[in-house]
Visitor: 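Below: one structure in structure tokens.
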Amino acid sequence: MLQQTRVEAAIPFYERFLERFPSIGALAAAPENDVLTAWSGLGYYSRARNLHKAAKQVAERGLPAGHADVLALPGIGAYTAGAIASIALGLPHAAVDGNVMRVISRVTGNDSDIGSAAARREFGKIADALLDRARPGDFNQAMMELGAMVCLSRAPVCASCPVAKFCAGRAAGRERELPVKLRKQATRDVTLDLALVTRGEQVFLVRRASAERRLADFWELPAKRQLADSADARCSKIGEFRHQIVNDRFRVILWRARASGAERLFNFDPAPGRWFDSAEREQVPLTTVTKKALAAANIFSASG
DNA sequence: AAAACGGGGAC
DNA sequence: GTCCCAGTTTT
């Protein structure tokens, strides 16, 4: 959960997740739908799918005993393998996360682009050389903590840094310029027109295909263009909001579609969706856009 | 090697 | 707005 996600953001999900899946066996035995539902809202859903796969492997083959076994599990890369090997197994492997990259970049005055694979390899070697091999877990956590509490990204607190006198970046007065990160993501603006189709307390949701690259198998509001022409013609806009994902900046426009009699509402047939009441909506993975839209619809209807 | 992946908090 | 978070996988 902590991969590319702030600790504070992950904690409530972590607590609910462990309540729902209290053991590796429980997680391994659960359907993927339930795992995704518990993860819904936290993002980077490949983490949930990979964790689920890893739990199945561990349930089948037993816990990993060495660094290579840990690294071989799905969803576990260089950083997480190092963290598990050092903290859980006491093995001498560095754990280089974003915090540690920043600390090493500054302490050594290294201005390699930390977005490059070469720099990651380079920093990994430096971290392995610095590692306290007698207490690798404590060392790694100390490095991460230094980055999280003192060697801050925008405003490092060098005055209270225990290694300030060894810091080449500080000596050069370049601590704020490091680490160097060249890659910039270009964001696109996308408008999303979504249809809120209700039947009593129920809402019609469609399921994203399993082959979708993003948010596969998640449920969401249908797009307005999926409405049949007659239903589309009677849509009324009920609100809009913004939602940013990795490279897309969505402007979401929410439309209420009205049915008249028994006419068909959608262009698709058979419908790749179904009606959900509020209890059923808690049992499937919903996209955050959909959660926001449903919340917004309640607000708009309550206020007007 | 670069792009994709979700979302939110800090500034 | 921009940056980036206890990164990994896919292209």
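We name chains A, B, ... by the order of the sequence lines, and we start the count at 1 in each one. Side chains are part of it too, since the values below use all heavy atoms of this structure and drop only hydrogens, waters and symmetry mates.
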Visitor: Does A/Y44 have its ring centroid less than 6.0 Å away from the ring centroid of A/W39?
Guide: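 No, the ring of A/Y44 stays outside the 6.0 Å limit from the ring of A/W39, centre to centre.
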
Visitor: Could you say whether A/L286 or A/R188 is positioned toward the 5' end of DNA chain B, judged by the nucleotide with the nearest heavy atom to each?
Guide: A/R188

Visitor: Counting any heavy atom closer than 4.0 Å, what does A/G41 reach on the DNA or RNA strands: base, sugar-phosphate only, or nothing?
Guide: sugar-phosphate

Visitor: Could you tell me if A/R49 sits above the aromatic ring of A/Y45, with its cationic atom closer than 6.0 Å to the ring centre and no more than 45 degrees from the axis?
Guide: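 No, cation not above the ring by the 6.0 Å, 45° rule.
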
Visitor: Please classify the nucleic acid contact of A/L215 as base, sugar-phosphate, or nothing, using heavy-atom distances under 4.0 Å.
Guide: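 Sugar-phosphate only.
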
Visitor: Under 4.0 Å, heavy atoms only, any strand: does A/R213 hit a base, just the sugar-phosphate, or nothing?
Guide: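 Sugar-phosphate: the residue A/R213, judged by heavy atoms under 4.0 Å, touches backbone atoms but no base.
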
Visitor: Would you mind classifying the nucleic acid contact of A/R102 as base, sugar-phosphate or nothing, using non-hydrogen atoms under 4.0 angstrom?
Guide: sugar-phosphate

Visitor: Decide whether a cation-pi geometry holds between A/R120 and A/F123; the criteria are a distance under 6.0 Å from NZ or CZ to the six-membered ring centre and an angle within 45° of the ring axis.
Guide: no

Visitor: Listing request: all ring-ring contact (aromatic ring centres under 6.0 Å, His included) pairs with a residue in residues 130-178 of chain A, at least two apart in sequence or in separate chains.
Guide: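 Every pair satisfying ring-ring contact (aromatic ring centres under 6.0 Å, His included) with a residue in residues 130-178 of chain A: there are none.
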
Visitor: Show every ring-ring contact (aromatic ring centres under 6.0 Å, His included) that has at least one partner inside residues 47-67 of chain A, sequence neighbours left out.
Guide: A/H67-A/H93

Visitor: Starting at the 5' end of DNA chain B and moving along, which residue's nearest nucleotide shows up first, A/T287 or A/A118?
Guide: A/A118

Visitor: Using a heavy-atom cut-off of 4.0 Å across all strands, would you classify A/N50 as base, sugar-phosphate, or nothing?
Guide: sugar-phosphate

Visitor: Check whether any side-chain nitrogen or oxygen of A/K292 sits under 4.0 Å from OP1 or OP2 of B/dG8, and answer yes or no.
Guide: yes

Visitor: Given the P atoms of C/dT8 and B/dG9, what is the spacing between them in whole Å?
Guide: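 My reading of the P atoms in C/dT8 and B/dG9 gives 23 Å.
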
Visitor: Using a 4.0 Å heavy-atom cut-off, does A/S116 contact any base of the nucleic acid, only the sugar-phosphate backbone, or nothing at all?
Guide: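 Touches nothing.
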
Visitor: Among residues 5-21 of chain A, which ones have heavy-atom contacts with DNA chain B below 4.0 Å?
Guide: A/T5, A/R6

